Number of protein chains: 2
Amino acid sequence: MGQASDTGAASMLMRHLGNFMDVTERESEAIAAALAGPVLAAGARTDLMTEGEAPRAVLLIVSGWACRYKMLEDGRRQIVAILLPGDLCDLNNGVLAQMDHSIGTLTPVRYVEISSEVLQRLAADHPKIGQGLWWQLLVNVAIQREWTVNVGRRSAVERIGCLFCELLLRLQAVGLAGEDGYPFPLTQTELAEATGLTSVHVNRTLQTMRNSGLIRLADRTLSIPDLTALQDIALFSPDYLHLNEKERRSGKGVTRLGT
Amino acid sequence: MGQASDTGAASMLMRHLGNFMDVTERESEAIAAALAGPVLAAGARTDLMTEGEAPRAVLLIVSGWACRYKMLEDGRRQIVAILLPGDLCDLNNGVLAQMDHSIGTLTPVRYVEISSEVLQRLAADHPKIGQGLWWQLLVNVAIQREWTVNVGRRSAVERIGCLFCELLLRLQAVGLAGEDGYPFPLTQTELAEATGLTSVHVNRTLQTMRNSGLIRLADRTLSIPDLTALQDIALFSPDYLHLNEKERRSGKGVTRLGT
DNA sequence: CGAACATTTGAAGCGCGTCAAAGCCGGTGG
DNA sequence: CCACCGGCTTTGACGCGCTTCAAATGTTCG
């Protein structure tokens, strides 16, 4: 809950992995060592990686929002993922020769680049961290599937509502959202590009959502007065985020002992 | 090109990995050993795994078509991925406690279940195979991203056209498609569920595509008389399938030596 | 103060969804 | 061998959600 103060690269990653595992002293030192490189900075709306290039390294977002996007030849643009602090991009293992999409910033972003060798060694030396990285990757795939459902089967209100819910939970997971809201830096055009709508229609949809009291969105700040109501309207179910794996695993262990 | 005759579990996986790497005698024996388990069978339209369950094992599709799908509470269904022979599902590593989607067959399917321990050992003992499995996973994620673009930004003709092109290349990659066509077992309703459309609209769209000579589709058989034309109409670009990584890597080596 | 960009509004139209019914085909049983 | 049934495809009529185009109104920041 609430804002945490330490926003360094290592602490951001650990905060994220903390949703999956308990990080020991030894592991946190190893993570800090692996992320010892310089923190880089990029302005808003710049590419960190471009489609067609060879992937340089793994990126860890430290602060700010970024996205994966693809463009069609005729200029249509689709944002296919939103990257938040603590997210690792392109756990690539040096396997794919070229990017099939671009990674661009939405806000100013601070990030670090990690070579896949360093990450592989980290995972090899600390199996639990390796599992944590694996967890992050699998959750990202699950999110991608959910986005496919989102644009494929949901109405405009539902799409936007689901996105707002997802971002709330993901930001809370790294301590960057309050109980019922968070800073929301996207323009309506970008929101449209992420939901497969047009900016005009996003505008009108937001108005109806505001008028019905589902959300408040002004001054780049979103608040959700009644999360349950929004979840119900949007048919949002948080299972795909797998945010409770830690509890579920330990809970399972307990019931197993009980039987 | 064309149909290959050996359609066993191991040979199917090797055929798929063959797009990424050259498989040595030793590696092919190791794969065969890992896939020694019984080949299971399921009828059309049955679940191999159901949302909410704990994932049992990794599935390798040996023959037939399956899909990943998610349902909304009100019954809307979205197919988020199509699984073809040679595809591994849920390279899970035992990390996630429950399925966030279901896997169901579209046709009768033969498949094998592999424990993640066996796969992990296979990858550990044979690093190149490990990279191959990694490649499969990354390509699947890339496909998922492309599907998000598909339903988010493309028209009905483009969506269906892109899907047809993707399936042609993927089937050719495992020797199950001819030069310009393949058996197409999906009903129009399923095609609609995969493209985010309704079956009525799919029907009408298929008719216009047939009438303009872009495709022939009858008797569960699809043929594409002019692939380039279809690609152009649908704005299809095959990069995201990463089918030429092998050539690209070796090609790169050569140019590197040249500089 | 003005340029660039984001939000908002209006009007018109099209693509796709919805509802409903009719054909079609293969399979099954009498 | 035909009658019937269920599932898939096709067709029609209609309507709505979303897009398109265009312009007005903030808003931010040199």
Side-chain angles (χ1 to χ4, degrees), chain A residues 43-46 65 72 74-79 105-108 150-161 163 183-212 215-222 233-235, chain B residues 43-46 65 72 74-79 105-108 150-161 163 183-212 215-222 233-235:
Chain A
R45 268 146 254 228
T46 53
W65 292 25
L72 300 186
D74 61 4
R76 281 175 283 179
R77 183 194 198 218
Q78 176 72 35
I79 293 177
T105 62
L106 296 164
T107 69
N150 219 17
V151 290
R153 282 288 111 124
R154 283 195 243 252
S155 70
V157 176
E158 291 167 345
R159 291 185 207 186
I160 295 173
L163 181 59
F184 189 83
L186 296 207
T187 66
Q188 293 182 359
T189 301
E190 289 160 339
L191 194 47
E193 290 168 334
T195 50
L197 300 165
T198 59
S199 64
V200 171
H201 197 62
V202 163
N203 181 286
R204 296 197 232 262
T205 305
L206 285 177
Q207 286 178 52
T208 73
M209 292 175 80
R210 273 193 277 249
N211 291 338
S212 60
I215 59 163
R216 269 169 295 171
L217 177 56
D219 304 324
R220 315 263 100 146
T221 301
L222 174 70
I233 292 273
L235 299 184
Chain B
R45 268 144 256 227
T46 53
W65 292 26
L72 299 186
D74 62 3
R76 280 174 284 179
R77 183 194 197 217
Q78 176 72 35
I79 293 177
T105 61
L106 295 165
T107 69
N150 219 18
V151 289
R153 282 285 111 116
R154 282 195 243 251
S155 71
V157 176
E158 291 166 345
R159 291 185 207 187
I160 295 174
L163 182 59
F184 190 83
L186 296 206
T187 66
Q188 293 182 1
T189 302
E190 289 160 340
L191 193 47
E193 289 169 335
T195 50
L197 301 165
T198 59
S199 62
V200 172
H201 197 62
V202 164
N203 181 286
R204 296 199 232 261
T205 305
L206 285 177
Q207 286 177 52
T208 72
M209 292 174 80
R210 274 193 277 248
N211 291 337
S212 59
I215 57 163
R216 268 168 294 171
L217 177 56
D219 304 323
R220 317 263 100 148
T221 301
L222 174 70
I233 291 273
L235 298 184

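To find a chain, count down the sequence lines: A is the first, B the second, and so on, and within it residues start at 1. For clarity, every value in this text was computed on a predicted model and none was experimentally measured.
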Measure from CG on B:Leu217 to P on D:dC8 and round the result to the nearest Å.
-> 15 Å
To the nearest angstrom, how far is B:Leu186 atom CG from D:dC8 atom P?
-> 12 Å
When you measure from the side chain of A:Arg76 to the backbone N and O of B:Arg153, does any donor-acceptor pair fall under 3.5 Å?
-> yes
Heavy-atom side-chain contact between A:Thr187 and A:Leu106 under 4.5 Å | no
Residues two or more places apart in sequence or in another chain: which of them pass salt bridge (charged side-chain N to carboxylate O under 4.0 Å, His left out) with B:Arg154?
-> B:Glu146
Heavy atoms under 4.0 Å, any strand shown: does A:Arg159 hit a base, just sugar-phosphate, or nothing?
-> nothing
Are OP1 or OP2 of D:dT9 and a side-chain N or O of B:Arg210 less than 4.0 angstrom apart?
-> no
Going by heavy atoms in the side chains, are B:Arg159 and B:Leu163 under 4.5 Å from each other?
-> no
Nucleotide range of DNA chain C lying under 4.0 Å from chain A heavy atoms = C:dA6 to C:dA11
Under a 4.5 Å cut-off applied to non-hydrogen side-chain atoms, are A:Leu197 and A:Leu191 in contact?
-> no
Tell me which of A:Ala156 and A:Asp219 sits closer to the 5' end of DNA chain D, going by the nucleotide each one is nearest to.
-> A:Ala156
Looking only at side-chain N and O atoms, does B:Gln207 come under 4.0 Å of OP1 or OP2 in D:dT9?
-> no
Any side-chain heavy-atom pair of B:Thr208 and B:Arg204 under 4.5 Å | no
Short question: side chain of B:Thr105, backbone of B:Gly43 - any donor-acceptor pair under 3.5 Å?
-> yes
Answer with base, sugar-phosphate or nothing: what part of the nucleic acid does A:Arg45 contact at a heavy-atom distance below 4.0 Å?
-> sugar-phosphate
For D:dT10, take OP1 and OP2 only and decide whether either is under 4.0 Å from a side-chain N or O of B:Asn203.
-> yes
So, the side chain of B:Arg220 versus the backbone of B:Pro183: is there a donor-acceptor pair under 3.5 Å, distance only?
-> no
Going 5' to 3' along nucleotides 19-27 of chain D, which nucleotides have protein heavy atoms under 4.0 Å from the base (write B), which only from the sugar-phosphate (write S), and which from neither (write -)?
-> BBB------
Look only at the side chain of A:Thr107 and the backbone of A:Trp65, and say whether a donor-acceptor pair between them is shorter than 3.5 Å.
-> yes
